[in-house]
Every structure is written in C-alpha cells, then in structure tokens.
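Worksheet: one structure, shown below.
Everything numeric here is computed off the predicted structure, so don't read it as measured data. Counting from 1, the numbers follow the sequence of the chain as shown.
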Amino acid sequence: MSKLVFQTEEILKNKITDAVKAAMECGDLPQGEIPQFIVEKPANKANGDYSSNIAMAGARVFHKAPKIIAQCIVDHLDLSDTLFERCEIAGAGFINFFLSSAYYREILKDVIACGDDYGKSDYGKSKKVIVEFVSANPTGPMHIGNARGGAIGDCLASVLEWAGYDVSREFYVNDAGNQIEKFATSLEVRYLEQFCDDVQMPEDAYHGQDIIDHAKNFTEKYGDKYVNVPSDERRKALVDYALPINIAGLESDLGRYRITYDNWFRESTLHNDGSVDRVIAALKEKGVTYEQDGALWFKASEFGNDKDIVLIRANGLPTYIVPDIAYHYNKLVVRGYDKAVDVLGADHHGYVPRMKAALTALGLDADRLDAVIMQMVRLVRDGETIKLSKRSGKAITLNTLIDEIPLDAARFFFNLREPNSHFDFDLELAAKQSSENPVYYVQYAHARICSIIKKAESEGVKMRTPTDAELEMLTSNEERDLIRHLSSLTGEIIAAADAYDPAKITHYVIELATLFHKFYNAQRVMVEDEGLMQARLYLCKAVKDTIKNILNMLKITAPQVM
C-alpha cells in the first residue's frame, strides 16, 4: 500500500509547525497558540502542488498582516530533507509549495513496488462493515433498479475493502410478509385458471410471464392435486415450489453479474428463532410503545420522527418494520458489525429515520447504520426512454440487460454517477466500441499500454528498472500530470469509502486514461535516449498496473488487446 502521499502531507504540516515555533522563539512572531491550519492541493497548478493557509489562520493570534506572518514562517522553514524543492508566498498570504523531481520519481517507484496492492490502505483499520444491497423480493426476476443497486453495492463493498475495512456482502431475502402473500395469490390464480373459468387475477398481483411459467410447471408436476384443497394448503404448496426456484435464480443471475454474497439472510429466520418477538418485548420494556385502536405503536415521534409507527396491527400481525428492526439489531448486536450499510431505493427516504429511531430506542448508536439512497435509472435507446412496468411483466430484467450490452459496461455505467443522482442509461453508448464509451476508453488505455510494451519487446528492448536520475528526466507537463494523478489513488479510494460513492473511482480512472492518452500523443515513448525511454516505459507500466487494479476492484476486465 502507498503511504508516500500521506507522509508528504504530514511532513509538510510538521515543517510548517516547526517554522512557526522557531519564529516565535526568536521573536519574529509573538508567543501564542499555534492556530489550526490546512494543507491542501490547490485547483490551479500554478499555485504549487500544495498550499497552506497558516498565515491567514494566524492573523488573530499574532496580530500581524497575513503576508508578514507568511514571510516570518518562510524565513524559518527548512525543506532540505523533504521532497519539496521550494515555496513562495502568494495572494493574501498563502504559502505555496512545489514538489521536487525526487517526489515524482518516488511515486513511480511506489506504484511499481506495491503492484496489485497499489491504492490499498489500512484507513478502515479492519472495522467490520456489512453491506446489504439488492435484496430484491424473491417474487420475480430482478429489474433495472436492482441492476444499478447491484453494481453500486458490490463496487462500494470493494472500495471499502481497499480502504482497509473488513467487509461482508449480504442479501436479505424477504421470504415472509405481504410480498410473499401477493406472490401466493398470483401463483394460486394462475394455477386455478388452468382448471376453472371463474378465477380472476387481482390488479395489484404479479402479472409477469414468470408467474405463468411457475404455475404451468407446478401443474406438470402435481396435476390437479391442489385444486380442491383448502386455499392455505394450496398457496403454501405453490410458494414452497416456486420460491426456492426464484431464490436460486436470483443467486445465479447475480453470479452472472459478478456478484457473490458472503451470506443470504432469510427474513423467515427472524420469525422462526423468536427475534421478532424479542424486539417487540424489548421496545415494550423500554417504555416506548403504546396501544391504540387495537394496534401496538412505537413512539417514533419521541426520537425525531414526524409520526409514530404501527408495530403490531389490530389483527395481531406485525408490520414490515418489525422484522427489519430485528434484522438490523441482528447485524449490529448479535453479529457485532461496527457498521451496517444499506443500499436502498429512492422510495426508502422515510425508512432510514424510522429505523434509526428504533435502534436508538433499543439503546444502540444509530450512527452505526448508514444508508445509500439510490435514485432510479432510466433506460434510453435512440434518445427515447424505454417504459418499464414490473407489474405488467414488461420490465427489462437484469438478464435481458446484460444480454444486450457488455457486462463490463453495465457495471461501469451504473457507477458513473453518485448513487443519489438520477441516471439515464444509454444502451447504444454502452454497446459502442469507441472512445465515446467511457469503459471502452479506459480499457483501450490499458490495451494500448500493453501494446506499447509488447512492441518494445519485439524491437529487442528489455525493460529494466530505471535509475533515479533517469526517472527524474520525466519533467514534461504531461508526465508530471500523469504521475501526480497516480499519486492520488489511495486518497481517492478513501474519499469514495467515506462518501459511499464508487463513482469517484470511475471518474478517477477515466481521468487517468485521459491523461495517459494526452501523454502518449505529446511524448514519444520509444526515443533514442535509452534512459529516457526506460523511464517512459516504467511510467507506462505504472499507469497500466493502476488501471488494472481499479478495474479489478470494480470486477471489470482489463483486456490486453482491443
């Protein structure tokens, strides 16, 4: 893993602090508490590689103009044993710092030395995090929203792993409750209509072809055995037959999508092992429930919610929120995860504060639950939005999507925007083999570098590790920009982990490909100067390895030939 960038920032902060102390000791600055200040990378490279606001931050402490403070600090600043070659005062008193050639040399050596681990860190300190995503009702095939949730959740889990967290991926199987009742009704009608003329499918049932197929296959196996039995018996037999098939189908489809879960957790286990009853009892014991109109209510309004929540209906059946509370309690207490991350659809905005209120009432720190709210995606073809309807059975499923476009494109495209943004998925663009297609553009950069290295070998050039002096020959703007971007990968992965936003990584690798293509078009790799040629080949390899690491993290292929 690379620590060079973080060490550089930390060293600079320490150097600035030492300079302030030295200025106070000799009387150039009055004695006082060293103010809080920042060191950051300025947007404009003309303002240096790093910049600090220490002089402005110290104006109140030292009672001097920022420019005077800045000059006092610079006069006592010793950068001799660092990777910075100089600093200068700019604007109202910013101190800008410029890295030396040695820094760029060391970054490249770091990338190559870390190899497959470049970008990884121990930032998460192995804290246990469970990421639950997709968790589609097992009542039918997965639709396009599940496709986006799958790509976001799986890539987010990978980002967290690279940031040093101990991550588990989980699918919560809703094999109990209203959705299963609706599933049973749909199956029952489709089964009975094969033998009777007077049955009708309710409008709010599932009308998809998969329900019809299940009923026909059930009939082939059992015939009319369940026509004249009580409805409960018939419905149970149909669900017991169809549900395992659907769950196996979900697992197979997600496997095809390169998603493998560490655990498939069934809601029914929470009912069967008493977890649901224990949650109700615990909330009652905490004194946060009351009865009204025959129902049991949770005093959610006492925990920041706009209204209270029904836990047990007047008919004695729990609402969906109860097993969900039990499920999150299981994750955070029973299984002891430090953090639970739920990837949820846009219709779950109200769900999160309700769940946090319940966890708080149970004595847990609700901040241990985080939610990634994912907006819906629109499929676009020929500039026209494709209409989707799960109920009518005309939805585009995950399988039909990856039949139509490359799997790499599906995973990459769904992570092009932050989860909470609406996204138009252009099917034509995703299938294009051109630089307009961002995933193709990135993969082409990797393949192009493979081709450069192969061509060098065919011309008898044996790649070697360049000397420090040779690496310091990489001084062009294109080379420096490329190395500077390479240096920021670990920080970008940490930022993506903090924000729960894998799109930061797709943006990073697109920019890396852009900078490489810019470098390749401006600077020849195979030059007469053997030392410079070896340095540029070394740079190419560092970029290739980094692109490959990122694509591997996102479970996207890194082709050597295109």
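Between E404 and R381, at least one side-chain N (NZ, or NE/NH1/NH2) sits under 4.0 Å from a carboxylate O, which counts as a salt bridge. Salt-bridge annotation for D49 and K41: absent, with no side-chain N of the basic residue lying under 4.0 Å from a carboxylate O of the acidic one. A salt bridge does not link R256 to D253: none of the charged nitrogens lies less than 4.0 Å from a carboxylate oxygen. Under a 4.0 Å N-O distance rule, the pair D154/K555 qualifies as a salt bridge. Look at D424 and R417 and you find no salt bridge, because none of the NZ, NE, NH1 or NH2 atoms lies under 4.0 Å from a carboxylate O. A salt bridge does not link D166 to K125: none of the charged side-chain nitrogens sits closer than 4.0 Å to a carboxylate oxygen. Ion pairing between a basic and an acidic side chain is recognised when a charged N comes within 4.0 Å of a carboxylate O; D116 and K548 show no such pairing. For D213 and K216, the salt-bridge test fails: no basic side-chain N is under 4.0 Å from an acidic carboxylate O. With respect to the salt-bridge test (charged N to carboxylate O, under 4.0 angstrom), the residues E188 and R235 qualify.
For the pair N521 (side chain) and K518 (backbone), a donor-acceptor distance under 3.5 Å is absent. Formation of a donor-acceptor pair under 3.5 Å by the T546 side chain with backbone atoms of A542 is found in this model. A donor-acceptor contact shorter than 3.5 Å is absent between the side chain of S488 and the backbone of G491.
By the side chain to side chain donor-acceptor pair (under 3.5 Å) test, E428 pairs with no residue at all, sequence neighbours left out. Residues satisfying the side chain to side chain donor-acceptor pair (under 3.5 Å) criterion with T319, sequence neighbours excluded, are absent altogether. Residues satisfying the side chain to side chain donor-acceptor pair (under 3.5 Å) criterion with E161, sequence neighbours excluded, are R169.
Rounded to the nearest 0.5 angstrom, I130 CD1 and D342 CG are separated by 9.0 Å. L512 contributes atom CG, which lies 4.5 Å from atom CD1 of I547 (distance to the nearest 0.5 angstrom). Note that the OG atom of S252 and the CG atom of N399 stand 7.5 Å from one another [nearest 0.5 Å].
Judged by the 6.0 Å distance and 45° axis criteria, R378 is not positioned over the aromatic ring of F423. The cationic atom of K182 (NZ for Lys, CZ for Arg) lies less than 6.0 Å from the six-membered ring centre of Y206 and within 45° of the ring axis. For K128 and Y337, the positive end sits near the middle of the six-membered ring, less than 6.0 Å away and at most 45° from its axis.
Using modelled atom types, one finds a donor on one side chain and an acceptor on the other under 3.5 Å when comparing D308 with S301.
Contact detail for P42 and S51: the closest heavy-atom pair is CD-N, 3.9 Å.
The aromatic ring centroids of F133 and F171 lie 6.0 Å or more from each other. Aromatic rings of Y191 and H214 (six-membered ring for Trp) have centroids beyond the 6.0 Å cut-off, not under it.
More than 12 heavy atoms of other residues, nucleotides or ligands shown are found within 6.0 angstrom of OH on Y508.
Put simply, the residue from T397, D403, I405 that forms a side-chain contact (heavy atoms from CB on, under 4.5 Å) with L401 is I405.
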Exercise. Could you go step by step and tell me if N174 and E267 meet the side chain to side chain donor-acceptor pair (under 3.5 Å) rule?
Worked result: CA-CA 5 Å; N174 295 114; E267 178 188 344; 3.3 Å; yes
